[in-house]
Amino acid sequence: MSEFKRVGIIQGNEACAVAAIDAGVRFFAGYPITPSTEIAEMLAAELPKVGGRFIQMEDELGSMAALVGASFAGLKPMTATSGPGFSLMQENLGFAAMVEAPCVVVNVQRGGPSTGLPTKASQGDVMQAKWGSHGNYPIIALAPHTVREVYDATVMAVNFAEEYRTPVVLLLDEVIGHMRERVVLPMPEEIKVVNRKKPSEPPEFYKPYKHTEDYIPPMAIFGEGYRFLTTGLFHDEMGFPTSDDNEITKLVKRLHKKIYAHEEKIWRYEEFMTEDAEYLLIAYGSAARAAKEAVLLTRKEGKKVGLLRILTVWPFPAKIVRELANGKKAVLVCELNYGELVGEVERATKGLNVPVFFKGRWDGELLHPFEIRDFIKGV
Amino acid sequence: MAFDRTAHKYLRKNFKMPTIWCSGCGIGIILGSIFKALEDLNMTGDNTVFVGGIGCSSRIPFYVDFDALHTTHGRPIAFATGVKFAKPDLNVVVVAGDGDTAAIGGNHFIHACRRNIDITLIVINNKIYGMTGGQYSPTTKSGEKTTTSPYGHIERSFDISKLAAAAGATYVARSSVYHVTHLDKIIKEAFAHKGMSVVEIMSPCWTTHGRRNRFKTPVEMYKWLKDNMIPLNAWEKLPEDKRAGKIPYGVFVNKKDIPEYCEAYYEHIIKPNLNKKRRDFSEDIEAMKIKLEIKAKEGWHV
C-alpha cells in the first residue's frame, strides 16, 4: 500500500493555493497582479480537479463582488491580490462585512502608495486591512511569517470566515509569497475544516440576520427555498432595509461583538524567549523573521530580549501585548512600513510606563537582523 | 390571465408598501411583465435569484418574493456572475438602471456580454439618475437639462443595446413601458434564452427628468414613447435622414450557437480534469524510496 507525504521546496503563494483547496475553497475570482498572481495561476489549474471554479474577472471590483455572490451560492470563495487591487476591493469588502458573507482575501503586500513597488515587500496595508472600507465594521487579518505558516494561516482564514460569517484578510507580503522553503505539509484529511452554520428552522421562520446568542446568524443559501433578502443597506433581522436608530445600533454592535466576543479564540501569536526578557520585540510577517534572528544576536551580547510574534493582527491582541509588555524596560516594534501596528501597541501599553520604540523600513528591502540588533543596542 | 392575483403571489411578504417608485414611473409595469414571464416559463420556484445594484430600478429585488441580493452601485452583474458561476442551476436575473449598467458598471456589463454567461440583464433606461435627484446619465440625450447639466447636456449618449450587441451578448432586445405586450414577449424570450440576455427598456422618469424637459405630465412621456419608438423592421426601411430622434425597438440579436460560459467551463475545464491528481506536492513514499535507490545505484549521493 502506498503512503503519501507532502514534502517540497515551495513558495508561500503555492502553499496558500494548496491550503485553500484543502480547507474547502471551491471558488476563486481574481485579477492578475504582482506579486500574488501565482495563487491565481495555481488555482486556475487545481480547482477544476476538485470540481471547483476559477474565473478571471475584469477587475478587482468585480472579483470581490463575485466572491460575495459565490458565497451566497454556497461555495467557499477566495481571491488574491496586492496593494492596488486591495484598494479596489475595499468597496465590496465592506459589502461582504455588512452582509456577513464568508470569504477570504489574500493580500500579498507590495510597496505603496499607488502602484509603488510591484516586486518588493511591504507591510504597508495592515491599517488598510482594518480600516480600508468606509463605515463601522471589524475584520480578521492574519500575517504569517514562513511558508509553512502560510499553509496554516490560509486554512485558519477559511475556517474563521466560515465560522464567524465574515471576510478574512490574509496579509502575506512579497517575500513570504515568493520565498521558497522546504515544508512538510499535513495531508488534507489531517486538517480541521469548519463549515458555516446553516439555519435549522423552516423558511417561513428564518431570519437571515437574527441576533443570536453567539452573534453569528445561521446562513441560508440561494436556491434552498429561504427566499431571503440581502442588502448592503442597514437592515433588520429580516434583512429588510431600515433607518431605525435602534436597529442600526443593534446591527453595528452585533457585527463587532461577532468578532470581539470571540477574539481570544481568534488570537494566534508566538512568544519567543519572553520568559526572562527585559526588552520585548513585537513583529509579524516577514519582519518577524529578522526580529527572531535579532533576539538571538542580542542575547549573545548579553541583553535579554524576547519576541512577541503576532499572527492575528486583527482583532489586535491588545491584552496579550499589555501582559507581556508589563514590567519590561522597553517595547520595540519592527514593521516594513512607516509605523502602523506600533500605534496599536502604544494604545495597548498606555499607562504601563514602558516606552515604545519603532524600527521600520519602507523602501522595499527587508529589515536586517543587524539593523534590529543595533536598534536594540541604542535603546 | 387574471394577473392581479398572480402579482401579489410573487411580492415579498411583509415588505413595506407602497413601493418607493413615484407615480408615473414605469418600473411597476416592468415588474408586472417580469412576473408574467416567470409564471409563463415556470420559473417561480426556489431557483430564481434577483440581483440589483443601486438606483430606483435596482429596488426590484426588495419587492419580489425570491432570493435577492441588493448590492453596490454598478456591480450587480459581477455579483450575479459569482452567483451563477458558483451554482449554475440558478436562474439569475439582474435588474439595473442605465447608470448602473453603462457608467459605473460599464466594465462588468461588457465583460459579462463577452463571456456569454447565462444571466438575464434587465436594463431600465430612464436616461437619468433618478434616486439622487436627476443628474445626467450616460444615456441622457445631448441638449437635455438635468441638475448637473443646467445649461443643456453636451455629451453624446450611449446606445445600450448596441453596446451589448457589440460586446457579444447573445440576446439583445429593446422595448418600452408603453409597448407592454411587446415587453412581455421579449422579457419572456430573454428569460428562456441560454446565455447573456440583455433587455433594454425605455421607461420615463417624469419626476427628475421629464418635468425639467418640457413634459407637463408623465402621460406626455408615455405618448412620446408611442410616437418616437419604431419597430425594428420599420426602422430598417426608414431613410437615414428620418431616423433622427427615433428609437428602434425589437430583437437585435438572438444567437443560439455561442457556448454558454458555465457550460463551457464544465465541459472544457472541469469534466476533463475532475479527480486528476492534484499538484499538492504529495509524493508516494514507496515510489520516492525506489527513485532514491535508483539514484544511489547510479552513484548519486542521496
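Keep in mind it's a predicted model, so treat the numbers as computed, not measured. All values below were derived from every heavy atom in this structure, side-chain atoms included, with hydrogens, water molecules and symmetry-related copies excluded. Chain identifiers are assigned alphabetically (A, B, ...) following the order of the sequence lines, protein sequences preceding nucleic acid strands; residue numbering begins at 1 within each chain.
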- Item | Among A/Val68, A/Leu61, A/Ile221, residue most engaged with chain B (heavy-atom pairs, under 4.5 Å) | A/Leu61
- Query: Does the cation-pi check pass for A/Arg53 over B/Phe85, that is, NZ or CZ under 6.0 Å from the six-membered ring centre and within 45° of its axis?
  - Reply: yes
- Task: Please check if atom CD1 in B/Ile20 has more than 12 non-hydrogen atoms from other residues, nucleotides or ligands closer than 6.0 Å.
- Result: yes
- Mind checking whether B/His108 and A/Glu58 have side chains closer than 4.5 Å, heavy atoms only? yes
- Give the member of A/Leu185, A/Asp22, A/Val183 that has the highest number of heavy-atom pairs under 4.5 Å with chain B. A/Asp22
- Message: Return the OG1 to CG distance between B/Thr72 and A/Asn92, rounded to the nearest 0.5 Å.
- Response: 3.5 Å
- Message: Counting heavy-atom pairs under 4.5 Å with chain A, which one of B/Val51, B/Val64, B/Asp65, B/Ile77 comes out on top?
- Response: B/Asp65
- Query: What distance do A/Thr231 atom OG1 and B/Phe62 atom CZ have between them, rounded to the nearest 0.5 Å?
  - Reply: 4.0 Å
- Side chain, backbone, both or neither: which part of B/Lys271 has a heavy atom under 4.5 Å from chain A? neither
- Largest heavy-atom contact set with chain B, pairs under 4.5 Å, which of A/Ile55, A/Leu233, A/Ile21: A/Ile55
- Message: For the CG atom on A/Asp244, are there more than 12 heavy atoms of other groups (residues, nucleotides or ligands in this structure) within a distance under 6.0 Å?
- Response: yes
- Below 4.5 Å from any heavy atom of chain A, which atoms of B/Tyr261 appear? Answer side chain, backbone, both or neither. side chain
- Is there a side-chain contact between A/Asp59 and B/Asn107, using heavy atoms and a 4.5 Å cut-off? yes
- Mind ranking A/Gly232, A/Gly225, A/Ser71 by heavy-atom pairs under 4.5 Å with chain B and telling me who comes out on top? A/Gly225
- Stepwise side chain to side chain contact (heavy atoms under 4.5 Å, CB included) test for B/Arg12 and A/Leu229: CA-CA 9 Å; B/Arg12 195 178 290 285; A/Leu229 171 66; 3.7 Å; yes
- Is there side-chain contact between A/Phe72 and B/Val49, with at least one heavy-atom pair below 4.5 Å? no
- Under a 4.0 Å N-O cut-off, is there an ion pair linking A/Glu91 with B/Arg75? yes
- Item | Top contributor to chain A interface from B/Ala287, B/Ala80, B/Gly45 [non-hydrogen pairs under 4.5 Å] | B/Gly45
- Note: vs chain A, highest number of non-hydrogen pairs under 4.5 angstrom among B/Ala78, B/Ala112, B/Gly105 is B/Ala78
- For each of B/Thr71, B/Ile54, B/Val92, tally heavy-atom pairs with chain A at distances under 4.5 Å, and name the one with the top tally. B/Thr71
- Message: Does any part of the side chain of A/Pro241, heavy atoms only, come nearer than 4.5 Å to the side chain of B/Phe15, both counted from C-beta?
- Response: yes
- Message: Can you confirm whether more than 12 heavy atoms, excluding those of B/Lys194, are under 6.0 Å from its NZ atom?
- Response: yes
- Item | Part of A/Phe222 lying under 4.5 Å from any heavy atom of chain B | both
- Check: A/Phe95 ring centre within less than 6.0 Å of B/Phe79 ring centre: yes
- Report, as yes or no, whether the 6.0 Å neighbourhood of atom OH on B/Tyr266 holds more than 12 heavy atoms from other residues, nucleotides or ligands. no
- Quick one: what part of A/Pro77 sits under 4.5 Å from any heavy atom of chain B, side chain, backbone, both or neither? neither
- Item | Under 4.5 Å from a heavy atom of chain B, the part of A/Ile10 involved | side chain
- B/Tyr265 side-chain N/O to A/Phe54 backbone N/O, donor-acceptor pair under 3.5 Å: yes
- Pairing of B/Lys277 and A/Glu46 as salt bridge, 4.0 angstrom limit: no
- Item | Side chain to side chain, B/Arg115 and A/Met57, heavy atoms closer than 4.5 Å | yes
- Residue pair B/Arg279, A/Met42: steps toward the side chain to side chain contact (heavy atoms under 4.5 Å, CB included) verdict: CA-CA 9 Å; B/Arg279 185 175 156 246; A/Met42 190 157 166; 3.5 Å; yes
- Item | Contact class of B/Leu90 relative to chain A, heavy atoms under 4.5 angstrom | side chain
- Query: In terms of heavy-atom proximity below 4.5 Å to chain B, should A/Leu75 be classed as side chain, backbone, both, or neither?
  - Reply: side chain
- Any side-chain heavy atom of B/Arg278 sitting closer than 4.5 Å to one from A/Val50? yes
- Item | For A/Pro48 against B/Ile269, the heavy-atom pair lying closest together | CG-CG2, 3.4 Å
- Query: Within a reach of under 6.0 Å around NZ of A/Lys207, are more than 12 heavy atoms found that belong to other residues, nucleotides or ligands?
  - Reply: no
- Query: So which part of A/Leu67 gets closer than 4.5 Å to some heavy atom of chain B, the side chain, the backbone, both or neither?
  - Reply: neither
- Message: Given A/Arg227, which partner from the list B/Asp67, B/Asp46, B/Thr48 fulfils the side-chain hydrogen bond (donor to acceptor under 3.5 Å, both in side chains) test?
- Response: B/Asp46
- Note on the structure: Assert top hit (heavy-atom pairs under 4.5 Å, partner chain B, pool A/Gly74, A/Ala66, A/Ala65, A/Gly223) equals A/Ala65
- Note on the structure: dist A/Lys5:NZ -> B/Ser282:OG (nearest 0.5 Å) comes out at 11.0 Å
- Is there a donor-acceptor pair closer than 3.5 Å between any side-chain N or O of B/Asn273 and the backbone N or O of A/Lys49? no
